[in-house]
Chemist: 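First the structure, then my questions, so here it is.
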Amino acid sequence: MKRDMEYVRELLLKIEAAPTFLRSSDQLLPNEPSDEQVYKLIHHMAMLVDEVGFIRGLGAHTMSSREWIQLELTWRGHEFLETVRDPEVWSRTVAGAKKAGNWGLDFMVDIAKAYGKHVVKERLGVEL
């Protein structure tokens, strides 16, 4: 399965906004998800936990006869999300990465930081 950076950003925003305990089928997947949607979630969550360390899974719990998964962003996950949170910075980052033909994570973070500085200059007239 191909990595989807738009989906990664969307997942991180959902995890950040969620209460401490998430039920993945309630908050990270649509109602009655397809097998492909479930596989995409599992694939991307595994990368975010194991490969880049953006999220930490703190275990599964049973509350009121429902299974809950406790997830939280790591410091690195928060830093990435803050870099790409602004929709304008994110859209410029994606466009720039497509134009450059490079979608590596570190490269995307570098592009996002550069565009973030550019947006600050446009909005505030301050150069960083």
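This one's a predicted model, so the numbers in the text were calculated from it and none came from an experiment. Hydrogens, waters and symmetry mates are skipped; everything else that's a heavy atom, side chains included, is used.
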Chemist: Could you state the interatomic distance from CE (Met45) to CZ (Phe54), rounded to the nearest 0.5 Å?
Modeler: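 The distance works out to 13.5 Å.
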Chemist: Quick one: CG on Asp106 to CD1 on Ile111, what's the gap to the nearest 0.5 Å?
Modeler: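 Rounded to the nearest 0.5 Å, the CG-CD1 separation comes to 11.5 Å.
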Chemist: Rounded at 0.5 Å granularity, tell me how far CD1 in Ile55 sits from CG in Leu12.
Modeler: 7.0 Å
Chemist: Applying the 4.5 Å side-chain criterion to the ILVMFWY set and letting contacts propagate, would Met47 and Leu13 be lumped into a single cluster?
Modeler: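 They do not share one cluster, since no chain of ILVMFWY contacts under 4.5 Å joins Met47 to Leu13.
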Chemist: If two hydrophobic side chains count as joined below 4.5 Å and joins carry through other members, does Tyr39 share a cluster with Tyr7?
Modeler: no
Chemist: For Leu105 and Val52, work out which heavy atoms get closest and say how close.
Modeler: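 So the two residues come closest at CD2-CG1, 3.5 Å.
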Chemist: Hey, does Trp90 have a side-chain heavy atom less than 4.5 Å from the side chain of Glu6?
Modeler: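 Of all side-chain heavy-atom pairs linking Trp90 with Glu6, at least one is under 4.5 Å.
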Chemist: How about Asp35: does its CG atom have over 12 heavy atoms from other parts shown lying under 6.0 Å from it?
Modeler: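 No, not enclosed.
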Chemist: Measuring from Arg56:CZ to Leu71:CG, what's the distance to the nearest 0.5 Å?
Modeler: 10.5 Å
Chemist: To the nearest 0.5 Å, what is the distance between CD on Glu127 and NZ on Lys121?
Modeler: 4.0 Å
Chemist: Of the non-hydrogen atoms in Ala97 and Phe107, which two are nearest, and what is the gap between them?
Modeler: CA-CE2, 4.5 Å
Chemist: Is any NZ, NE, NH1 or NH2 atom of the basic residue among Asp4 and Arg9 found under 4.0 Å from an Asp or Glu carboxylate oxygen of the other?
Modeler: no
Chemist: Hey, any chance Val38 and Val8 share a hydrophobic cluster, counting ILVMFWY side chains that come within less than 4.5 Å of each other, even indirectly?
Modeler: yes
Chemist: Leu11, Val109: one ILVMFWY side-chain cluster at the under-4.5 Å cut-off?
Modeler: yes
Chemist: Which atoms form the tightest heavy-atom contact between Lys2 and His44, and what is the distance?
Modeler: O-CE1, 3.7 Å
Chemist: Give a yes or no on whether the backbone of Lys113 and the side-chain of Thr83 come within a donor-acceptor separation of less than 3.5 Å.
Modeler: no
Chemist: Is a side-chain N or O of Gln37 found less than 3.5 angstrom from the main chain of Ser34, in a donor-acceptor match?
Modeler: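 A pair under 3.5 Å: yes.
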Chemist: Would Arg92 and Glu122 count as a salt bridge (Lys or Arg N to Asp or Glu O under 4.0 Å) here? Give the steps.
Modeler: CA-CA 14 Å; Arg92 289 183 186 191; Glu122 289 174 347; 2.9 Å; yes
Chemist: Between Glu10 and Lys14, is a salt bridge (Lys or Arg N to Asp or Glu O under 4.0 Å) present by the stated rule, with each step listed?
Modeler: CA-CA 6 Å; Glu10 178 185 318; Lys14 285 181 180 179; 3.3 Å; yes
Chemist: Salt-bridged, Arg123 to Glu88, with N to O below 4.0 Å?
Modeler: yes
Chemist: Checking side-chain polar atoms at under 3.5 Å, does His78 have a donor or acceptor matched by the opposite partner on Glu82?
Modeler: no
Chemist: What is the minimum heavy-atom distance between Gly116 and Val89, and which atoms define it?
Modeler: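 Smallest interatomic distance, heavy atoms only, reads CA-CG2, 3.8 Å.
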Chemist: Restricting to non-hydrogen atoms, name the atom on Leu73 and the atom on Leu81 that form the minimum distance, rounded to 0.1 Å.
Modeler: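 Reported closest heavy-atom pair: CD1-CD2, 3.9 Å.
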